[in-house]
Amino acid sequence: MAFNIYDFTTLTKSIHEGLSSQFSPTATLAIEWTIVGLAYLLFVALFGLFLVYAERKVCAAFQQRMGPMRVGPWGLLQTIADFIKLLMKELIMPKNADKFLYNLAPFIVIIVTFMVISVIPFAPGLATFDFDIGVFFVTAVSSVGVIGILLAGWSSNNKYSLIGAMRSGAQIVSYELSVGLSLITMIILAGTMQISGIVEGQRDMWFIFKGHVPAVIAFFVFVIAGTAETNRGPFDLAEAESELTAGFHTEYSGIKFAFFFLAEYINLFIVAAMATTVFLGGWMPLHFGDFDSFNQIMDLMPGLFWFFFKVLGVMFLMMWFKWTFPRLRVDQILNLEWKYLLPINLFNILLMAAVVLFGLHF
Amino acid sequence: MKSIIAYITEILKGIWTLLTGMKVTAKYFFTPWKHVTQQYPENRKTLKIAERFRGEVIMPHNENNEHKCTGCGICEINCPNGSIEIITKSLILEDGKKKRAIDQHIYHLGMCTFCNLCVKACPTGAIVMGQNFEHAVWDRSTLTKVLNQPGSKIMEGVKD
């Protein structure tokens, strides 16, 4: 098996050929799907655990605390212990809950998360799907997740859950606009919606540098709107502890709660990964036009590491937001979207169109 | 036009205040060796407790097992929730006069709110606040303490 950390196409191709020589085409496809599915499951579980730990440690550092220190060295095994505890919890069904929808809701949320994660290219040759409408697919599918949240709130037979779900719904529906429009701004520059095409278009320079002013504005609008869409602080009014206990997942326990919890953190990863792919070049190393020697030095680090380096950077920015800014009220959240982000975004699209039309980008 | 300028300045001011906040938290984040919290059981040996910390009421005794308590009962009167009970006895002095003295200064730690009123009220300064804060016990009855040590007596020259 040819293994090359810089380009995974040879690895995937050799696996495909090895399987094809042994099995029929249908069986090959089935085995490949199983392998890919298991790989995503493993990645989501492990990366989710890592993210929870990282969030707690980063939060602690921002507040001059130490964070988890007891389980394992520097509390490294803390999230694993938490996960085992969650798995052993009893699954409690509220009285008069809508049983079918109550059980369905966590699966909708987690399935949407998996569907979105499947189009993200981690490294050259390490992406499952590559639609020609990739960016559109991401925005379309990620907006289905809100149905899971609304169902969870509706079926729990609990006022707090319902109010939390409604807040979350209003918030996600509003901020979907900003996410979509900021991505459209970058599509104008890229000229394609195919994710592999977007990454390839940043071979000479990342879009955030290529598109200069409008791209930077679009990046920050995307990060703000993406933070709001994942229901994270400072936009976490869907789970306002003092008002709504835990919002839409108040009545969930055990593995179903773990699904919501995991989906929330993986959505954080997805927003960061989309920001990385569209603005910061995806797995593409830092390249600057004609500086060939500089570009070659940058090529020494494999694309996989570049991708995670950038994703972790964007995630750190979002955690920084979360642990610095005070929470917004409901009316302030909607004000921010409809009075500020949306007009800025629409103006920004015009600006980007003018920049592309007159060839003012690098 | 004026409203547009106001709109843009509002946005820029908002961004500026957000950046100010982020500067503060960044300073905290990039000095991770500075903590406001401590790893408690590990640092017991190096633990420094502030002098004015109110851990429990204690009655200091000198090396001759003498204290300053006259048994006047002012601390008992001043205690807002009855955590102190004073039991006195009469001593007969050499000249035949009777004198009141402390028999048992009973202190219910489990009821104490550490308000410091007894220490403030004490006319002779017999009781003070100690710094010990590890009060966990297996049996609630052990929280009731007698502050004057057995066999102790009042210091020379302390008058009420």
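Throughout, a chain's letter reflects where its sequence line sits, starting with A, and its residues are numbered from 1.
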Student: Do other residues, nucleotides or ligands put more than 12 heavy atoms under 6.0 Å from the CZ atom of Phe220(A)?
Tutor: no
Student: Against chain B, label Phe321(A) side chain, backbone, both or neither, depending on which of its atoms sit under 4.5 Å from a heavy atom there.
Tutor: side chain
Student: More than 12 foreign heavy atoms under 6.0 Å from CD1 of Ile92(B): is that the case here?
Tutor: no
Student: Determine whether Gln39(B) and Arg70(A) make a side-chain contact, defined as any pair of heavy atoms from C-beta on separated by less than 4.5 Å.
Tutor: yes
Student: For Lys68(B), does the NZ atom sit with more than 12 other heavy atoms under 6.0 Å from it, leaving out its own atoms?
Tutor: no
Student: Does CZ in Phe133(B) sit with more than 12 non-hydrogen atoms of other residues, nucleotides or ligands closer than 6.0 Å?
Tutor: yes
Student: Please state whether the side chain, the backbone, both or neither of Ile11(B) comes within less than 4.5 Å of a heavy atom of chain A.
Tutor: side chain
Student: Mind listing the closest non-hydrogen atom pair of Thr37(B) and Arg65(A) along with its distance?
Tutor: OG1-CA, 3.7 Å
Student: Calculate, to the nearest 0.5 Å, the distance between atoms CZ and CG belonging to Phe325(A) and Leu18(B) respectively.
Tutor: 4.0 Å
Student: Is the number of heavy atoms from other residues, nucleotides or ligands under 6.0 Å of Lys145(B) NZ greater than 12?
Tutor: yes
Student: Using non-hydrogen atoms only, which part of Glu10(B) is less than 4.5 Å away from chain A: side chain, backbone, both, or neither?
Tutor: side chain
Student: Within a 6.0 Å radius of atom CD on Glu134(B), are there more than 12 heavy atoms belonging to other residues, nucleotides or ligands?
Tutor: yes
Student: If we only count heavy atoms from C-beta on, is the Phe316(A) to Phe29(B) side-chain gap below 4.5 Å?
Tutor: yes
Student: Considering only heavy atoms and a distance below 4.5 Å, find which of Val24(B), Thr17(B), Val36(B) pairs most often with chain A.
Tutor: Val36(B)
Student: Please report the interatomic distance CE(Met22(B)) to CG(Leu317(A)), rounded to the nearest 0.5 Å.
Tutor: 5.5 Å
Student: Using non-hydrogen atoms only, which part of Phe62(A) is less than 4.5 Å away from chain B: side chain, backbone, both, or neither?
Tutor: both
Student: Looking at Phe347(A), I want to see if its CZ is surrounded by more than 12 non-hydrogen atoms of other residues, nucleotides or ligands under 6.0 Å.
Tutor: no
Student: Using the six-membered ring wherever Trp is involved, compare the ring planes of Tyr7(B) and Tyr340(A) and label them parallel, tilted or perpendicular (cut-offs 30° and 60°).
Tutor: parallel
Student: Under the rule for ring pair (Phe, Tyr, Trp, His ring centres under 6.0 Å), what residues qualify as partners of Phe358(A), not counting sequence neighbours?
Tutor: none
